[in-house]
*Asks:* 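Provided herewith is a single structure, encoded as structure tokens, for subsequent inquiry.
Both counts, for ligands and for their atoms, begin at 1 and track the order of listing.
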Amino acid sequence: MKIAVLPGDGIGPEIIEQAKRVLDALRSDGLPIEMEEAPLGGAAYDQYGQPYPEVTQKLAREADAILLGAVGGPQYDTLDRPLRPERGLLAIRKDLNLFANLRPAILYPELANASTLKPEVVAGLDILIVRELTGDIYFGQPRGVEVRDGERFGFNTMHYTESEIRRIGRVAFEAAMKRNKRVCSVDKMNVLETTQLWRDVMTELAPEYPEVELTHMLVDNAAMQLVKAPKQFDVMVTGNMFGDILSDEASMLTGSIGMLPSASLDANNKGLYEPSHGSAPDIAGKGVANPLATILSAAMMLRYTFNQEQAAQRVENAVKAVLAQGLRTGDIYEPGTKRVGTREMGDAVLAAL
Ligand code: IPM
Ligand code: MG
């Protein structure tokens with residue numbers, strides 16, 4: 001079980017440290033885990049002048065799975081676009097063909113008050129967003145800003161091939177088979193031809209999964225329905241850009257983005273696992289960040305890449321146990337609970353494990 005560990009920037013190194021302790025504990029219990037570190041994002045730029053340098057490429061390509069903290073920070077905002085931390089993240093996704101991004105939005109009962117929505121709207125929420133991650137307007141050519149007819153002209157290109165749509169569609173249908181057997185495909189077919197193709201291909205795929213109910217929704221309505229009645233959704237599948245936006249929206253339904261893991265998989269279940277939150281430069285280095293999303297990302301890794309369902313559940317149950325004990329980092333703190341720092345939270349998860 002070769003894991004490339006990429007701490008990244010901001011709170012990345014602190015939260016990764018706690019996930020590594022959990023993986024170390026599982027190794028002591030017999031899992032053949034090997035971890036090696038390399039920089040990504042701003043940390044890589046500082047060291048090698050590039051956000052996804054060769055050392056990191058080599059390690060990531062050879063690994064079975066990648067555990068990532070987070071990338072980005074204000075000190076890099078003025079760099080040329082190709083050198084920015086975010087480019088490192090986009091480059092590793094593309095390089096490793098990690099086309100299937102799974103972003104669960106789960107509301108833990110203990111954290112029901114963290115949501116800004118009414119408890120009855122979100123209680124028991126369990127949505128899985130399946131976002132296509134290596135295509136769409138994110139990577140489409142041509143793109144750029146140039147001068148045309150005496151003024152600046154900006155352009156990007158949205159495109160999908162039917163095979164790209166089909167393979168992400170399959171991921172969504174298969175995920176639904178293991179859940180509540182409902183897939184909602186999100187597009188903008190009333191305006192964009194590419195997404196009419198998206199809807200057509202999803203519809204053609206549906207007969208292969210007769211047990212799954214497929215519905216379609218326009219992205220603007222989907223954004224509205226997510227805050228109006230989020231529990232209507234089981235699996236949502238959509239393209240790269242709509243998925244970027246809807247997954248942030250869905251994560252906030254739970255009120256605790258510090259709790260949400262994610263997986264980005266290739267066709268052979270090699271995967272990159274990272275918390276859904278960012279690098280939080282404002283609290284970096286203070287020892288107060290919530291390590292649970294990263295620890296839960298390690299659990300997703302055990303499940304999806306290594307097929308270690310039992311170990312995955314052991315980690316998830318340990319996280320549930322510390323929540324039940326009333327331990328909270330600042331982001332999920334409420335009166336009556338015990339506020340702890342990053343390392344203390346890690347200690348508690350290890351003890352529960
Ligand atoms: C995400 C992030 C990235 C994206 C950025 C950092 C490039 O927002 O993982 O959702 O847009 O995909
Ligand atoms: Mg995003």
Side-chain angles (χ1 to χ4, degrees), residues 6-12 15-16 39-45 50-52 56 60 65-105 127-140 143 156-160 164 168 171 186 219 222-223 226 236-254 256-266 271-282 284 293-294 296-297 300-301 304:
L6 314 180
D9 309 320
I11 58 171
I15 54 181
I16 280 285
L40 183 79
Y45 173 78
Q50 278 184 45
Y52 183 42
T56 309
I66 296 124
L67 185 64
L68 168 65
V71 298
Q75 69 270 46
Y76 307 109
D77 283 351
T78 52
L79 287 177
D80 276 354
R81 211 161 264 283
L83 299 177
R84 288 190 202 163
E86 294 76 12
R87 266 304 166 88
L89 186 57
L90 295 174
I92 192 172
R93 288 172 179 171
K94 192 72 177 173
D95 183 36
L96 302 180
N97 215 357
L98 305 171
F99 68 90
N101 185 210
L102 310 183
R103 298 193 165 179
I127 302 177
L128 178 67
I129 299 207
V130 176
R131 169 189 177 196
E132 201 288 330
L133 204 59
T134 52
D136 202 353
I137 195 166
Y138 265 57
F139 294 94
R143 63 194 297 153
N156 288 89
T157 308
M158 172 180 271
H159 60 61
Y160 268 119
E164 283 177 311
I168 192 71
V171 171
V186 176
V219 63
L226 266 176
M236 296 179 96
V237 62
T238 191
N240 203 346
M241 182 151 81
F242 297 160
D244 177 44
I245 299 164
L246 293 181
S247 62
D248 263 26
E249 189 189 5
S251 71
M252 261 303 125
L253 299 174
T254 71
S256 45
I257 197 170
M259 294 297 302
L260 300 177
S262 78
S264 304
L265 306 174
D266 76 0
L272 179 147
Y273 299 83
E274 59 180 317
S276 286
H277 59 71
S279 57
D282 52 321
T294 315
L296 290 167
S297 297
M300 278 187 106
M301 168 188 293
Y304 288 104

*Asks:* Side chains of Met301 and Leu67: closer than 4.5 Å at any heavy-atom pair?
*Replies:*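 Side chain of Met301 against side chain of Leu67, heavy atoms only: contact under 4.5 Å found.
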*Asks:* Could you check Ser251, Ser276, Ser247, Ser264 and say which one makes a side-chain hydrogen bond (donor to acceptor under 3.5 Å, both in side chains) with Arg103?
*Replies:*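 Only one of Ser251, Ser276, Ser247, Ser264 forms a side-chain hydrogen bond (donor to acceptor under 3.5 Å, both in side chains) with Arg103, namely Ser247.
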*Asks:* Apply the test side chain to side chain donor-acceptor pair (under 3.5 Å) to residues Asp9 and Tyr76: give CA-CA distance (whole Å), side-chain angles for both, the deciding distance (0.1 Å), then the verdict.
*Replies:* CA-CA 11 Å; Asp9 309 320; Tyr76 307 109; 4.6 Å; no
*Asks:* Please tell me if the side chains of Leu6 and Thr56 come closer than 4.5 Å, counting only heavy atoms from C-beta onward.
*Replies:*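 The answer is yes; the side chains approach within 4.5 Å.
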*Asks:* Counting only heavy atoms, which portion of Arg103 has something under 4.0 Å from ligand 1: side chain, backbone, both, or neither?
*Replies:*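 The answer is the side chain.
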*Asks:* For a quick test of your reading: what N or O donor-acceptor pairs under 3.5 Å do the side chains of residues 82-94 make, sequence neighbours left out?
*Replies:*
{"unit_1": "Arg84", "atom_1": "NE", "unit_2": "Leu79", "atom_2": "O", "d": "2.9"}
{"unit_1": "Arg84", "atom_1": "NH2", "unit_2": "Leu79", "atom_2": "O", "d": "3.4"}
{"unit_1": "Lys94", "atom_1": "NZ", "unit_2": "Thr134", "atom_2": "O", "d": "2.6"}

*Asks:* Could you give the distance from CG (Leu40) to OH (Tyr45), rounded to the nearest 0.5 Å?
*Replies:*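 One finds 15.0 Å between CG of Leu40 and OH of Tyr45.
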*Asks:* Please write down residue, atom name and distance for the protein heavy atom closest to atom 4 (C) of ligand 1.
*Replies:*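 So the nearest neighbour among protein heavy atoms is Tyr138 OH, 3.4 Å.
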*Asks:* Who's closest to atom 5 (C) of ligand 1 heavy-atom-wise, of Glu86, Arg87, Met241?
*Replies:*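 Shortest heavy-atom distance from atom 5 (C) of ligand 1: Glu86.
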*Asks:* Got Asn240 and Arg131 here, is their nearest side-chain heavy-atom distance under 4.5 Å?
*Replies:*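 Yes - at least one pair of side-chain heavy atoms lies under 4.5 Å apart.
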*Asks:* Please write down residue, atom name and distance for the protein heavy atom closest to atom 8 (O) of ligand 1.
*Replies:*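 For atom 8 (O) of ligand 1, the nearest protein heavy atom is Asp244 OD1, 3.2 Å.
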*Asks:* Is there a side-chain contact between Asn156 and Met241 in this structure, where contact means two heavy atoms from C-beta onward sitting under 4.5 Å apart?
*Replies:*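 The answer is no; the side chains never approach within 4.5 Å.
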*Asks:* Does a side-chain heavy-atom distance below 4.5 Å link Tyr273 with Leu265?
*Replies:*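 Yes, close enough: below the 4.5 Å cut-off.
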*Asks:* Should Ile66 and Leu96 count as side-chain neighbours, where that means a heavy-atom distance under 4.5 Å?
*Replies:*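 Yes, close enough: below the 4.5 Å cut-off.
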*Asks:* Please state whether Arg93 comes within less than 4.0 angstrom of ligand 1, counting heavy atoms only.
*Replies:*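 Contact check Arg93 vs ligand 1: positive.
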*Asks:* Test of understanding: given a 4.0 Å heavy-atom threshold, classify the contact between Arg84 and ligand 1 as side chain, backbone, both, or neither.
*Replies:*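 For Arg84, no heavy atom sits under 4.0 Å from ligand 1.
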*Asks:* Report, in ascending order of atom number, the atoms of ligand 1 lying under 4.0 Å from any heavy atom of Arg131.
*Replies:*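 What qualifies from ligand 1 is 1 (C), 4 (C), 9 (O), 10 (O), 11 (O), 12 (O).
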*Asks:* Which protein N, O or S atoms does the Mg ion (ligand 2) have within a distance shorter than 2.8 Å?
*Replies:*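 Metal shell, protein only: Asp244 OD1.
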*Asks:* Heavy atom of Glu274 under 4.0 Å from ligand 1?
*Replies:*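 Contact absent.
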